[in-house]
Amino acid sequence: MDFLTIADTDPAAVERMVRLAASAKAEPAQYGDVLAGQTVGLFFMKPSTRTRVSSEVAVLQMGGNPLVLKDSEVGLGGRESVADVARVLDRYLDVLAFRVFDHADLVTLADQADAPVINLLSDLEHPCQAIADLQTLAEHVPLEGATLAYLGDGNNVCHSLMLAATMTGVSVRVASPSGYEPSPAYVERARAYGEVLITTDPAEAVDGADAVYTDVWASMGQESERADRLALFRPYSVTTDLLAAAKADAIFLHCLPAHRGEEVAAQVMEHERSRVFDQAENRLHAFKGVLLGL
């Protein structure tokens, strides 16, 4: 089984990974030898802090051997074709986990390798992040019946979060500037599982929500758009006033890295209801949940 996108899974699989992530956090010793004798390849085409450290530590704590590869060493699709890299690494590794720019590379890897392939991030989705997000939300309120507001770019993080949330009974509201909404195909798919509101009004999205979530406005590869995006997305910045429009005990979430003063005010990042560092910690447990789920 591969884990390329939330879209390729189903509610039972997502719920199982979230449940296993919580179990791994509560009783890490229970899973201390699950990967004994196995090697997990961790490939990074993009720089990473949380994904790199959480995945490597997760494999070590489960008794496995993590092997970290950078694109400067592999030359994916340049020095060697994606298909050939997949067929070679498949002979050495028990699991292949890749952080790439182009999601099509992950599809090729999965087509050519017999070992499970995990998406550590692509331009289409960030599924491991979504498992950690739901784990963090579930530590605050029951998922079934909860409401989550996402403000900003309808990007890869939004796609995975929207699908995983609706699969587990969470209503999702996405507020984005016109033209920056999540993919219509993802919205349609998420609405098949639950309630999704797409709006240009951040106040409408946040009103009465259990959690308010945002991401950076310009991701890696979008540097040339940064100035335009800063102006366009300014009304979607999560301020203390906007957070106050959510439920009185609503939590704040951010997948990090955060740009204080842009998509989120510094006061919100440090707010007593900010759970961004719990969320970052849960990337470790969530990756264990993904490995156990596979």
*Asks:* Do Val196 and Leu124 sit in the same hydrophobic cluster, where Ile, Leu, Val, Met, Phe, Trp and Tyr count as joined when their side-chain heavy atoms come under 4.5 Å apart?
*Replies:*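 Yes: a chain of side-chain contacts under 4.5 Å links Val196 to Leu124.
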*Asks:* Taking 4.0 angstrom as the limit, do Glu263 and Arg234 come out as a salt bridge?
*Replies:*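 No salt bridge links Glu263 with Arg234.
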*Asks:* side-chain hydrogen bond (donor to acceptor under 3.5 Å, both in side chains) between Asn282 and Thr136: does it pass, once the steps are laid out?
*Replies:* CA-CA 7 Å; Asn282 284 342; Thr136 310; 2.9 Å; yes
*Asks:* Ring centroids only, cut at 6.0 angstrom: are Phe233 and Tyr180 within range, meaning strictly under it?
*Replies:*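 Yes, ring centres under 6.0 Å apart.
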*Asks:* So, do Phe44 and Asp71 sit near enough that their side-chain heavy atoms are less than 4.5 Å apart?
*Replies:*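 A side-chain contact is absent here, since even the closest heavy-atom pair is not under 4.5 Å.
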*Asks:* Consider side chain to side chain contact (heavy atoms under 4.5 Å, CB included). Of Leu148, Asp133, Thr147, Asp210, which one does Val170 pass it with?
*Replies:*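 Among Leu148, Asp133, Thr147, Asp210, the one meeting side chain to side chain contact (heavy atoms under 4.5 Å, CB included) with Val170 is Leu148.
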*Asks:* Measure the spacing between CD of Gln267 and OG1 of Thr240 and express it to the nearest 0.5 Å.
*Replies:*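 Interatomic distance, Gln267 CD to Thr240 OG1, rounded to 0.5 Å: 6.0 Å.
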*Asks:* For the pair Asp153 and Arg229, find out whether any cationic side-chain nitrogen is under 4.0 Å from an anionic carboxylate oxygen.
*Replies:*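 The answer is yes: the pair qualifies as a salt bridge.
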*Asks:* First locate atom CG of Leu106, then atom CG of Asp123, and finally report the distance between them rounded to the nearest 0.5 Å.
*Replies:*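 Atom-to-atom, Leu106:CG and Asp123:CG are 9.0 Å apart.
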*Asks:* Flag yes if Met167 and Val174 sit in one hydrophobic cluster, no otherwise; membership is Ile, Leu, Val, Met, Phe, Trp, Tyr, and two members link when side-chain heavy atoms are under 4.5 Å apart.
*Replies:*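 Yes, it is one cluster - the side chains of Met167 and Val174 are joined through contacts under 4.5 Å.
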*Asks:* Does CD belonging to Gln30 count more than 12 external heavy atoms closer than 6.0 Å?
*Replies:*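 Yes - once you tally the heavy atoms of other residues, nucleotides and ligands closer than 6.0 Å, there are more than 12.
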*Asks:* Under 3.5 Å, is there a donor-acceptor pair between the Glu281 and His285 side chains?
*Replies:*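 Checked: Glu281/His285 side chains pair up, N/O donor to acceptor below 3.5 Å.
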*Asks:* Could you tell me whether Glu270 and Arg260 have a side-chain N and a carboxylate O separated by less than 4.0 Å?
*Replies:*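 Yes, charged N to carboxylate O under 4.0 Å.
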*Asks:* Provide the closest heavy-atom pair for Val18 versus Leu134 in the form atom of the first, atom of the second, distance.
*Replies:*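 Looking at all heavy atoms of both residues, the shortest contact is CG2-CB, 4.0 Å.
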*Asks:* Under 4.5 Å between side-chain heavy atoms, counting indirect links through other Ile/Leu/Val/Met/Phe/Trp/Tyr residues: same cluster for Val206 and Tyr150 or not?
*Replies:*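 Val206 and Tyr150: separate clusters.
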*Asks:* Could Glu56 and Arg52 be called an ion pair, given the rule that one side-chain N must be under 4.0 Å from one carboxylate O?
*Replies:*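 Looking at Arg52 together with Glu56, the answer is yes, because their closest N to O distance falls below 4.0 Å.
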*Asks:* Please round to the nearest 0.5 Å and tell me the distance separating atom CD of Gln129 and atom CD1 of Ile6.
*Replies:*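 Reported value, rounded in 0.5 Å steps: 11.0 Å.
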*Asks:* Would a hydrophobic clustering, with Ile, Leu, Val, Met, Phe, Trp and Tyr connected at side-chain separations under 4.5 Å, put Ile118 with Phe43?
*Replies:*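 Different hydrophobic clusters.
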*Asks:* Is Leu294 reachable from Val40 through a run of I, L, V, M, F, W or Y residues, each pair having side-chain heavy atoms under 4.5 Å apart?
*Replies:*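 Same hydrophobic cluster.
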*Asks:* Rounded to the nearest 0.5 Å, what separation is found between the SG atom of Cys158 and the NE2 atom of His126?
*Replies:*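 Going from SG on Cys158 over to NE2 on His126, the span is 13.5 Å.
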*Asks:* I want to check something: taking the side chain as every heavy atom from C-beta on, are Ser274 and His254 in contact at a cut-off of under 4.5 Å?
*Replies:*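 A side-chain contact under 4.5 Å is absent here.
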*Asks:* So if I apply the side chain to side chain contact (heavy atoms under 4.5 Å, CB included) rule between Leu69 and each of Leu42, Leu96, Leu89, which one comes out positive?
*Replies:*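 Among Leu42, Leu96, Leu89, the one meeting side chain to side chain contact (heavy atoms under 4.5 Å, CB included) with Leu69 is Leu89.
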*Asks:* Salt bridge (Lys or Arg N to Asp or Glu O under 4.0 Å), that's the test. Do Lys25 and Glu139 meet it? Break it down for me.
*Replies:* CA-CA 11 Å; Lys25 183 175 185 177; Glu139 291 171 349; 2.9 Å; yes
